[in-house]
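Each residue takes its place number in the sequence, starting with 1. All ligand and atom numbering here is 1-based and tracks the order in the structure.
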Amino acid sequence: MNMDAIRMEKFREAMKAAAASLTDAPCRGITLIHHNDTDGITAGAILRKSLMRAGFSVENIPIERVHPAFLPAIHTPGRRLILYADLGGQVADVISRHIPEGCRVIILDHHLPAAGSFSRLLQVNPERFGIDGDSECAAAAAACFFALALGGENEDLAALAVLGAVGDHQMVEGRFAGLNGFLLEMAVRQGALRPDGADEAAGWLFPRFQDRNLREADRLITALAVNGYYLHGADLALEACLNGPDDRALAFSVEMAGIQQDRFGREMARIHEAGLARDGLIVWTDVEGRFDPLGLKAIGLFCEAIIRDGATGGDHYVVGFQHFPGENPYLGEFSGREAKVSFRVTPGLKRSIEKGERPDLMRLVPQAVHQVGGFAEACHRFAAASTIPEDRKTDLVRLLADIAATQT
Ligand SMILES: [Mn+2]
């Protein structure tokens, strides 16, 4: 066996042990907590179908992020078995503190996991097996390996795993690698995906999605589950993954795409009229509740739209605020008024960062966010997201401007 095959075999063994720990448990009810993007939704659909086949009753709770305020609402004593997919690995320590006695948690994530092991909590992560979680194994692929460990009849779920990989942009030079590639072959063998002749990885037609190609299917799932999250569009997306999109899902996706276009258009017009707020190297905008009912990913996409539009007029860090709804469609109401914050950089500033002339977002964001009592949950060099108390928005901008000016 070559190295790749050995790594995959070890990963498969770990999935078998995780699946056995569930089927051996006396409890037959399971809750799936998964991300609401295409990779998370396909992972949630694969796990739902395979666990139902194994005799479990399954509750799906798609979420936009693991917010600390959600954890008490998720980990109630009545939920004995909880499986996280496509999120949770980096906050496993925080999650473990909320698991009541007699309850168990499995995390199937593909982002680099937090170090350490935690009681009542089991993690199976490709990164621990030398499999690259950015290019060789999306969360949907990990979920599919779990499903295959439950039973061979779940091979028909492989096509959804490939769709998850497309959602997470996992192709390497236009091709699927590692476990993603293995599952593509499985899906093609079964006729669940068909080549459309185009020479690119997403050039596969998905008959269940009325012969849309994988990129179109990704856009449909995104419109439903990401844009439509606060209107329960993630439920339509899960249903579409398992049975194909029905007329209601198609109409809803068109409606949500229209709402995004309308909200972004209005907000860009405001910026053209009034300009962006500025403090040193920071330009920022606050859309407050005007993106409702769009999900919280909207503000990050809008920051990118601002950069494409050229509205920053020079090289800047671009910061956007969006009102954080006080009610989650699956988990109920939360106290505390918060704002979602997204961070991006203009192309010129990105070049300065790469030359070491300016701090990247990993150096800039977490310390500023912590100082205003916020939570930096997804921080990369050139894109970041966090939540902060709503009344600390201007304090955050001031801090960011100070740090950006003094650090090089
Ligand atoms: Mn993912």
Parallel, tilted or perpendicular: ring planes of Y229 versus Y330, cut at 30 and 60 degrees: tilted
Please report the closest heavy-atom contact between V365 and A384, naming both atoms and the distance. CG2-CB, 4.2 Å
Listed partners of N36 passing side chain to side chain donor-acceptor pair (under 3.5 Å), at least two apart: none
Residue of the set R208, R189, R53, K49 for which salt bridge (charged side-chain N to carboxylate O under 4.0 Å, His left out) holds with D156: R53
In terms of ring plane angle, is the pair F145 and F11 parallel, tilted or perpendicular, where the classes change at 30° and 60°? tilted
At a cut-off of 2.8 Å, what protein N/O/S atoms sit near the Mn ion (ligand 1)? D39 OD2, D86 OD1, H110 NE2, D168 OD2
Verify whether the ring centers belonging to F334 and F324 lie closer than 6.0 Å. no
